[in-house]
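This report concerns only the one structure given below.
Counting starts at 1 for both ligands and their atoms, in listed order. Computed from a prediction, not measured in an experiment: that's the story for all the values here.
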Amino acid sequence: MKLQDHIALVTGAASGIGQAVAVRFAAEGAAVMAADTDDKNGRETVERIRAAGGRAEFFHLDVSSADQARRAVQQTIDSLGGLHILFNGAGILAYGTAVETSEEIWNRIMAVNLTGTFLCSQACLPHMIAQGKGSVINVASTTGAHDACAHAVAYVSSKGGVTLLTRAMAVDHARQGVRVNAICPGPTDTPMLRNALTPEQLEAFAKTFPMGRLGRPEELAGAAVFLASDDASFVTGALLYVDGGQTAEV
Ligand SMILES: NC(=O)c1ccc[n+]([C@@H]2O[C@H](COP(=O)([O-])OP(=O)(O)OC[C@H]3O[C@@H](n4cnc5c(N)ncnc54)[C@H](O)[C@@H]3O)[C@@H](O)[C@H]2O)c1
């Protein structure tokens with residue numbers, strides 16, 4: 001168990017990558033605060049963890065709210081007994097070029113993907129700095145970190161922001177014992193992707209990558225466990241591509 005005696009706040013824990021991370025962190029011994037706007041599926045994540053013998057609670061959190069982010073952190077500390085790991089998994093996707101993207105969509109994508117990552121990190125950092133130890137794991141994307149896919153200007157820009165926010169926070173807090181890293185998923189089989197593309201489009205898309213398939217959320221969770229654990233004690237500011245070879249080929 002790589003995360004025994006650790007306490008983690010996982011945002012986006014109701015679905016996809018965040019859910020797989022919450023379940024895996026708990027399986028590795030961590031107590032998990034599963035946070036999401038989706039109460040029903042978030043509570044299901046908690047039930048899954050408890051059924052497997054793990055420790056978890058749910059917190060209703062919209063990451064774009066500074067007040068809610070602060071309360072999620074306080075609740076984690078009060079009810080689980082501390083906070084060592086933040087996994088910033090909440091995210092949304094919208095397609096469109098700069099011509100097609102409304103200001104409203106642009107603002108919402110930024111508010112959740114970039115500002116949400118900032119606000120949750122900001123709420124956790126003072127506690128992690130005070131204890132001299134912590135691991136923040138952001139979720140960027142191959143797109144935005146390595147390249148820019150077409151027709152997703154707000155999403156790509158938000159993930160570019162997450163990439164540099166990761167490095168900026170890593171530099172600022174390295175001497176305070178807080179590590180900040182990002183995983184950069186390639187196309188991963190989650191509701192986000194399934195809602196965006198038809199099954200036929202998904203199959204054709206997957207075949208274009210070196211491994212010829214989509215990633216599974218559990219495969220992203222393995223990378224998150226590494227970054228959260230002491231195995232990554234000298235790793236900060238890293239962008240860990242978990243993409244089946246996608247960026248090696250581009
Ligand atoms: N699936 C992919 O192919 C892929 C690739 C690269 C990066 N990512 C990134 O991985 C992260 C997780 O995506 P996923 O594919 O698991 O998507 P998903 O839609 O399955 O899960 C996202 C979760 O975030 C939650 N969420 C959305 N807005 C929120 C908010 N304001 N506050 C709190 N929770 C909120 C949703 O309710 C959902 O439970 C996202 O940041 C996404 O951009 C995904």
- Are a donor atom and an acceptor atom from the side chains of Asn138 and Thr166 found within less than 3.5 Å of each other? yes
- Is it true that a side-chain atom of Thr115 and a backbone atom of Val112 form a donor plus acceptor pair closer than 3.5 Å? no
- Lining ligand 1 at under 4.0 Å, by non-hydrogen atom distance, are residues Gly12, Ala14, Ser15, Gly16, Ile17, Asp36, Thr37, Asp38, Leu61, Asp62, Val63, Gly89, Ala90, Gly91, Ile92, Arg108, Val112, Val139, Ala140, Ser141, Tyr155, Lys159, Pro185, Gly186, Pro187, Thr188, Thr190, Pro191, Met192, Leu193
- Message: Is it the case that the side chain of His127 and the backbone of Leu125 share a donor-acceptor pair, with hydrogens and angles ignored and the cut-off at 3.5 Å?
- Response: no
- Item | Side-chain donor/acceptor of Asp230 to backbone N/O of Ser233, under 3.5 Å | no
- Query: Would you call Arg108-Asp62 a salt bridge at under 4.0 Å N-O?
  - Reply: yes
- Before accepting this row, confirm whether a basic side-chain N of the pair Glu203/Lys207 lies closer than 4.0 Å to the acidic partner's carboxylate O. yes
